[in-house]
Amino acid sequence: MCNVRTLRIDAKSIIDFPVQPLTVTDIKQYLRSKDIPFHDGYSCLHAPSIFLEPAPEGSGRENYSLFIDKTTGQFLCKETLVEGSWEDLQDCIEVMLNEGQKSISPNVLLGFPESLEEQEEIEMEMKEVQRIWSSSVPFSDLLEEEVQLVKTMFQIGKLTNATLKKFGVRFFKPTKSLVFPWFSGRDSGLRGVKLLSAAVKDDGRVVYTEATVPKVSSYHNLFGLPLMGRKDGEVVLTGREVDSMAVSQATGLPSLALPRGVSCLPPILLPYLEQFKKVTLWLGGDMRSWEASKIFSRKLGLKRCSLIRPGEFQPCPSEALAQGRNLVRIVKASIPAAHKSIVSFKQLREDVYGELANVEQVAGIQWSRFLELNRILKGHRKGELTVFTGPTGSGKTTFISECALDLCMQGVNTLWGSFEINNVRLAKIMLTQFAKQRLEENLDQYDMWADKFEDLPLYFMTFHGQQNIKTVLDTMQHAVYLYDISHVIIDNLQFMMGQENLSLDKFAVQDHIIGAFRKFATNSCCHVTLIIHPRKEEDDKELQTASIFGTAKASQEADNVLILQEKKLVTCPGRRSLQVAKNRFDGDVGIFPLEFNKASLTFTAPVKGKQKLRKVAVDKNNSTEETEEIEFKETSEKPVKSAKAKTKTVKGSAAGKGSTKGSTDGERKNQ
Ligand SMILES: Nc1ncnc2c1ncn2[C@@H]1O[C@H](COP(=O)(O)OP(=O)(O)OP(=O)(O)O)[C@@H](O)[C@H]1O
């Protein structure tokens, strides 16, 4: 039944996914068959909550607080905060109707027992949230010089104290962090905090780091939510808390910040955005934000979304405020997200300009371990299809694993379809490459590396062996919706061949499958890397594009063709090189040698000596004993580089080992 899971190999990390994908028609038909009224919203259907006593008939107070995601069927009752899968909801409705009731207690699902370990973790996290919050200081309690210093540090000099107060922002002295609270929309209870810290690097750059409690995978704060009025019909969605405050202060418009910026829009947040007839996405000032805003607007419903195109005069909101720009005018100049399929150059002209003016960003994410790939391919771009081949057993999986890991460590949300080797083996390879050392010999470091590894936006399909292409594509689509996946790796294509129509010849089947992946990559704005075996060649011959198994379709459809070349030299048996045989982006092709390191399974240099944990500097004067154990992610330079700070004393705080289950965005939290 379930096809996607995160690394943590336990039942809770599996997402319910029906083999037959759900359609909105199925959901509507079911609700109608049970006489449950509903409205058709933007991303969700709205129905009266079955978890609340129904309002007296004719009172007009019917509470449509149950939101059912039109794509997944996942539901959330905004009043009781009960949430769960479509199957859970159906079960609840059946039980309710069987008992002849008009509502059902939220405890049916709320009471779903978490494991003892999970309960303890949640409790510990909540204590940590409270501890940080109560030892943080409201801006009104800081001396004016301190306020100015903090504002300078975070480049928010133009934000007024009144705005900071309105959004409930505080300052946590021990780590010199801004504290953004996560208040539940329902009862204003504190559910979490995000800490933003600034540090000056040796070269004078200021690097901002973020930490959340609870851990980022279960931190679902739409910052600013308690300030929304029931009647507000318009919102400006930003990628950072400081941006939302800038928009709110300068325009007076309601504004919300996404918890993880441009990296994803978890569907669990969609119900909270249903009330807005107009959503303006102003996610930042670079091309990545622009791409993300186009992708997110699909989830939100294109028709109600307008996008702010980044540019010299339209930076991110906080920068616009700092530069004294007119934010009202920028919001007014936003462009509708809904586009016609035929466009004139007039409509494209700004896009073309954007590409010309931002050559580096358009080239995609840069590999940090494979500089030669950057030189030839220029970067990793969304929506492309890469075909990768190489002799049997030459190290294709091992190489692609490191290549994908490199991108994932930089915030590329990644989904693996490993049909040949199981996920535990694959994760072991990746973890070894991540740690750049043989962990078998350093088991004492396992937890430290596994904790960091778990924070990567990395997901695995649980398929093994031969699979049907439609099921695989449906699962990929589902994962793109849930996790904003932007890179899927399929290892390998041959595992999709066996299930197809046997009356067709195998080349036709393969062509059909390649066509389907191509279409998926383009339509979902997701990079697909497809491993295909080569046809049988003589052993000592180098492979070429024409050596890819099947017809020429694979290389025609691919944007990039990569070949792992193996030189059978007696003197140097492990010698491999990577050939870029096709590059549709700018045509550059080339080949470069790879050095394989058997201990770290990497094709790049392993670390020398023992790995050291990075420490986050603390203010000695202010450091209470429990100040350091907070996990930070750098946000300014490399978006998802996680460095964990270790504590002197505190046990079991949020960043400690196993502090939060690797819970997934789509999972039921049973709050
Ligand atoms: N450059 C290399 N030199 C020597 N051994 C390597 C090299 N790269 C990978 N290996 C080792 O070779 C084995 C096979 O690697 P891998 O599974 O990545 O190959 P593959 O090409 O994906 O295989 P298949 O063709 O079966 O799909 C692994 O044990 C791996 O550690």
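This chain uses plain numbering: 1 for the first residue, then up along the sequence.
- Between F434 and W449, a ring centre-to-centre spacing shorter than 6.0 Å is recorded.
- Side-chain contact between T602 and F596 is absent, with no heavy-atom pair separated by less than 4.5 Å.
- Using modelled atom types, no side-chain atom of N442 and backbone atom of Q445 make a donor-acceptor pair closer than 3.5 Å.
- Between the side chain of N374 and the main chain of G379, no donor-acceptor pair closer than 3.5 Å is present.
- Between the side chain of T212 and the backbone N or O of P214 there is at least one donor-acceptor pair closer than 3.5 Å.
- In this structure, the side chains of I490 and F419 come closer than 4.5 Å at one or more pairs of heavy atoms.
- With sequence neighbours left out, the side chain to side chain donor-acceptor pair (under 3.5 Å) criterion links H380 to no other residue.
- Using modelled atom types and a 3.5 Å distance limit, the side chains of D406 and S368 yield a donor-acceptor pair.
- Taken from CG in D559 to CG in L377, the straight-line distance is 10.5 Å, to the nearest 0.5 Å.
- Put simply, the side chain of T475 gets close to the backbone of T471: a donor and an acceptor are under 3.5 Å apart.
- With K201 contributing its side chain and V207 its backbone, the two residues share no donor-acceptor pair below 3.5 Å.
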Inset, instruction - Evaluate the side-chain contact (heavy atoms from CB on, under 4.5 Å) criterion for residues T414 and I485: first the C-alpha distance (whole Å), next the side-chain angles of each, then the deciding distance (0.1 Å), finally the verdict. - result: CA-CA 6 Å; T414 305; I485 297 295; over 6 Å; no
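- Minimum heavy-atom separation, V488 to M461: CG1-CE, 4.1 Å.
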Inset, instruction - Check the pair F180 / L195 against side-chain contact (heavy atoms from CB on, under 4.5 Å), numbers first and verdict last. - result: CA-CA 6 Å; F180 303 116; L195 289 97; over 6 Å; no
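- Atoms OG1 and CG, on T529 and L407 in that order, are 8.5 Å from each other to the nearest 0.5 Å.
- Between S418 and L426, the shortest heavy-atom distance links the atoms CB-CD2, 3.7 Å.
- Under the 3.5 Å distance criterion, the side-chain polar atoms of T432 are left unmatched by any main-chain donor or acceptor of R438.
- One distance of note links CG of L493 with CZ of F388; it measures 14.5 Å at 0.5 Å rounding.
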Inset, instruction - Kindly indicate, with the supporting measurements, whether the criterion salt bridge (Lys or Arg N to Asp or Glu O under 4.0 Å) is fulfilled by E125 and K215. - result: CA-CA 9 Å; E125 268 170 9; K215 196 158 139 170; over 6 Å; no
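- Residue P391 comes nearest to P534 through the heavy atom pair CA-CG, 4.1 Å, listed as atom of the first residue, atom of the second, then distance.
- For the pair D484 and I295, the tightest heavy-atom approach, listed with the atom from each and the gap, is OD1-CG2, 4.3 Å.
- To the nearest 0.5 angstrom, S263 atom OG is 13.5 Å from Q410 atom CD.
- Residues meeting the side chain to side chain donor-acceptor pair (under 3.5 Å) test with R425, sequence neighbours left out: none.
- The shortest side-chain heavy-atom distance between H487 and V528 does not fall under the 4.5 Å cut-off.
- Close placement of the W182 and Y219 rings is indicated, their centers lying within 6.0 Å of each other.
- Aromatic pair F453/Y446: centroids not less than 6.0 angstrom apart.
- Heavy-atom minimum distance, N221 versus P259: O-CD, 3.2 Å.
- When the shell of 6.0 Å around NZ of K378 is examined, it contains more than 12 heavy atoms from other residues, nucleotides or ligands.
- Within a 6.0 Å sphere centred on CG of D203, other residues, nucleotides and ligands contribute more than 12 heavy atoms.
- Of the N and O atoms on the side chains of Q579 and Q565, at least one donor lies less than 3.5 Å from an acceptor on the other residue.
- With sequence neighbours excluded, no residue satisfies salt bridge (Lys or Arg N to Asp or Glu O under 4.0 Å) with D491.
- Side-chain contact between F370 and E402: present, with at least one pair of heavy atoms (C-beta onward) separated by less than 4.5 Å.
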Inset, instruction - List the steps and the verdict of side chain to side chain donor-acceptor pair (under 3.5 Å) for T386 and H527. - result: CA-CA 8 Å; T386 294; H527 193 118; 2.7 Å; yes
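- Under the side chain to side chain contact (heavy atoms under 4.5 Å, CB included) criterion, E291 pairs with K382, not counting sequence neighbours.
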Inset, instruction - Using the side-chain contact (heavy atoms from CB on, under 4.5 Å) rule, take H220 and L269 through it: C-alpha gap first, then chi angles, then the decisive distance, then the call. - result: CA-CA 7 Å; H220 291 138; L269 298 174; 4.0 Å; yes
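- Side-chain atoms of L190 and V129, non-hydrogen and from C-beta on, do get closer than 4.5 Å to each other.
- For K396, there are no salt bridge (Lys or Arg N to Asp or Glu O under 4.0 Å) partners two or more places apart in sequence or in a different chain.
- Of the possible polar contacts, none joining the N413 side chain to the P457 backbone as a donor-acceptor pair under 3.5 Å is found.
- No cation-pi contact links R576 to F603, judged by a cut-off of 6.0 Å to the six-membered ring centre and 45° from its axis.
- With sequence neighbours left out, the side chain to side chain donor-acceptor pair (under 3.5 Å) criterion links E241 to K194.
- Side chain of Q433 to backbone of L601: a donor-acceptor contact under 3.5 angstrom is found.
- Separating the CD1 atom in I376 from the CG atom in N560 is a distance of 11.5 Å, to the nearest 0.5 Å.
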Inset, instruction - Given side-chain contact (heavy atoms from CB on, under 4.5 Å), test L594 with S577 step by step and report yes or no. - result: CA-CA 5 Å; L594 296 169; S577 39; 5.6 Å; no
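- Closest approach of V179 to S136, counting heavy atoms only: CG2-OG, 3.5 Å.
- Between the side chain of Q74 and the main chain of G84, no donor-acceptor pair closer than 3.5 Å is present.
- A donor-acceptor contact closer than 3.5 angstrom is absent between the side chains of Q494 and E420.
- Between R205 and V200 the shortest side-chain heavy-atom distance does not fall below 4.5 Å.
- Side-chain contact between C264 and Y483 is absent, with no heavy atoms from C-beta onward closer than 4.5 Å.
- Donor-acceptor pairing under 3.5 Å is lacking for the side chains of H533 and T389.
- With hydrogens and angles ignored, the 3.5 Å screen pairs no side-chain donor or acceptor of S524 with any backbone N or O of A521.
- Rounded to the nearest 0.5 Å, atoms CD1 (I531) and CG (L564) are 10.0 Å apart.
- Inter-residue side-chain proximity for V242 and F154 is flagged as unmet; no heavy-atom pair is nearer than 4.5 Å.
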